[in-house]
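In what follows, a single structure is set out as C-alpha cells and then discussed.
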Amino acid sequence: MKRMKKLFALLMTLAMVMGLGITGFATTETYNDAIRIYGVEAGADENITVTAYQIIKYNNAGYYEPVIDNTIDKDGKGNLTPTASNILTLSGSNYLELLAREKTPVNLVEAGTGDDVYYTTQTGTTLDVGTWMIIVSGSNDYIYNPAIISVNQTTSGIEYGQLNLDEDKWTENNSVFMKKSEPTIEKTAITDDGTPATNVQGVQYGDIIKFQIKTIIPSYASNKTGITYTISDSLNGLALVVDSDHPVEATLGGKPDDTLTSLVKAAFENEVSNVTVNVTGDDYIKLNGNKEIIITYYAKVTTEAAINVDKTTNTATLEYSTGNGTHTKSDDTKHYTFGIDTAFTGATGTQGTTGEFVKIDSEGNVGYNKNTGELVVTENTALSGAEFQLHIGEKDGELFKDENGEPVTFKTGEDGRLQINGLDSDVQYYLIETKAPQGYTINSTPIPVKINAFYDETTGDLTDYDVVIDTATTHYKYEDGETTLINDEKNPSNPYGFKNTTLTDLPSTGGMGTTLFTIAGCVIMISAAGLFFATRKKAN
C-alpha cells in the first residue's frame, strides 16, 4: 500500500510539472541555486531596481493557480499560459499593488563579474515555486518591458530559471514582444547612387543634399501613459528645400502612414533650418511599437565660411519616454566647405588670413615665412582692384554662384589678396581675370584651382587638405576645428602670385601742336578750289 501511495504521489508531481505550460516558454536554462536575470545594464548615474512579483503560485493542494484570479489565460487543456497581454496588464500600477498585497515582492541584486553579470536573489532569500514577473526601472537608456521567469518543482527538487533580456523574445500570435529595447536615431546623407553616408564630405554653396533619418518606436507597456516621442533636426548651415523635385517623405514600418506623413510635412517647410516632429497619442505610439520610422528630405548648403575650412555639423535628436522619465539620443552628419584666403585658425603668430593667392606685378614675389607662417610679399607690389570669376569643371564651364544662386565676381583687396568662400573639395575650378587693375594689362589665362581633401577612413572626419592653384600648393593640417599651415622640407607650401604687366607707354603731351597741320590743310584746299575754277573758265 505504501508503495502505491509513493507511486501515486510521483505521478501527481509529474502531472503538475507537465501542466505548467510556461516553463520552456520563459527560460532556456535552469539553475539550482537561484534565478538569474541577464541583460540589465546600469549606468554610473542610474539607480536601477530589479523587482520580482509572483503571478502564478503553487498552492497547498498541489497545483498551480494565478496569484490574482482570472489574470492568466489557459490553453485548451486547461494549462496556465501567460500571454503578453496578461503580463502587460499585471504590470500596471494597480495590479502591482494587488500582487504586492498577496505576496511580498523580492528585490534582486547584481551579482557575477566581467561578462557574467546578472541579477539574482540576495543571500538567504529564495523564490517560491511558480512564475514571477520581472520589473526593471530606473534606466535612462533602455525601456524594459515586463518579463517572466519560472521556478519549477521537479522530481529532483526546485529548478530556478534564467532570463536574458538582450536575446530572449516573446512570440505570441506571430508578433514579437521585446523584453528590452533601446531607441536609437540614425542620420545619414544619401549619395547620388542612393548609398547612405555618415558624412557629407566636400560641398559647395548651393549644393542640395538628400538626408535620411531612421528611428524605431519602442515597445511600451499597454498601461503606459503620457509618452514622449519627439524627432528634431538642427540644420546648421543648411536650409530645407521642399518642392516637386525635392519632396519630404515618411514611412512607418516600410509603408506610408497618413498620421506620420501629416506630422512630418507640417514640420518640414521650405527654407526652415530647424524642424521638430512630435509624434503624439499614447495609443498610436503603443500600437506601432517596434516599427521603423524613415524620413527623407533635401537641404541646401548656405553657410558663409568663417574659417578656411567650414565644418558644419547637423544633429538629429530623439527624445523618448523611459521607465522613469525621458531620455535623448542623437546622431549627426558633417560636411565641409573650403576657401581661398579666408580667416585662419591654428597658425603661429598673428596671421589673420591664409593668403594662398596674391595679385602682384611682373616683378613681385610671394612666399610664407617658415617660422611664423605669415605671408610675405616683396617690394610691396600687391595689386588691388582686379576682378575674377570662377568656372566649375571646365575653363568655360558654369560660373560659381553664391548661396542665393547668383554668379559671383571676386575682387582683390588693397593687399592684393583674393578671398573665395564655399568651395567643394576634389572639384576642378578655373579662375579667370575679367578686369585688370588700373594701369595694367588683363591676364585672361585660366588658372586651375583645386582643393584636395583627405578624410579619416573610419570616422569620415577631415584630417588634411591642400589648396592647389596652378602649380603652387599650400598644405594644411585640420584637427579639432583648427587649421594649421604645414611648411617644411617634406611639405613645402607656396602661395600663388598672379602677375600683371603694365600697359605700353602712351605718347607724351606738349609737342608742336596742330596749328601747322591746319594751315597746310587750308592752303591745299584753297589751291584745289582755284585750280577747279581756272580749269572750268578755260573749258568755257
Identify all side-chain donor-acceptor contacts of residues 385-399 below 3.5 Å with residues at least two apart in sequence or on another chain.
from   : atom 1 : to     : atom 2 : distance (Å)
His391 : ND1    : Gly397 : O      : 2.8
Glu398 : OE2    : Lys401 : NZ     : 2.9

> Would Tyr320 and Tyr229 count as a close aromatic pair, with their ring centres under 6.0 Å?
Replying inline: no
> Roughly how far, to the nearest 0.5 Å, is the OG1 atom of Thr215 from the CD1 atom of Ile293?
Replying inline: 6.5 Å
> Looking only at heavy atoms, which two atoms of Ala299 and Phe211 are closest? And how far apart?
Replying inline: CB-CE1, 4.0 Å
>> For a quick test of reading the model, state the closest non-hydrogen atom pair linking Thr337 to Gly422 and the distance between them.
In response: CB-CA, 4.0 Å
> Would you call the rings of Phe410 and Phe400 parallel, tilted or perpendicular, where under 30° means parallel and over 60° means perpendicular?
Replying inline: tilted
> If every non-hydrogen atom of Ile420 is compared with every non-hydrogen atom of Leu431, which pair is closest and at what distance?
Replying inline: CD1-CD1, 4.1 Å
> Which heavy-atom pair separates Thr463 from Lys477 by the least distance, and what is that distance?
Replying inline: O-CD, 3.7 Å
> If you round to the nearest 0.5 Å, how far is CG of Leu108 from CD1 of Ile48?
Replying inline: 13.0 Å
>> Atom OH of residue position Tyr298 - does it have more than 12 heavy atoms of other residues, nucleotides or ligands inside 6.0 Å?
In response: yes
>> If you compare all heavy atoms of Ala453 against all heavy atoms of Asp426, which two are closest, and at what distance to 0.1 Å?
In response: N-OD1, 3.9 Å
>> Give me the atom names and distance for the closest heavy-atom approach of Asp424 to Val203.
In response: OD1-N, 3.1 Å
> Residues in side-chain contact (heavy atoms from CB on, under 4.5 Å) with Ala111, at least two apart?
Replying inline: Tyr118, Thr120
> What is the distance from atom CD1 of Ile213 to atom CG of Asp331, rounded to the nearest 0.5 Å?
Replying inline: 9.5 Å
>> Rounded at 0.5 Å granularity, tell me how far CD in Glu186 sits from OG1 in Thr184.
In response: 7.5 Å
> In terms of the angle between their ring planes, are Tyr455 and Tyr336 parallel, tilted or perpendicular, with boundaries placed at 30° and 60°?
Replying inline: tilted
> Above 12 or not: heavy atoms from other molecules or residues under 6.0 Å from NZ of Lys265?
Replying inline: no
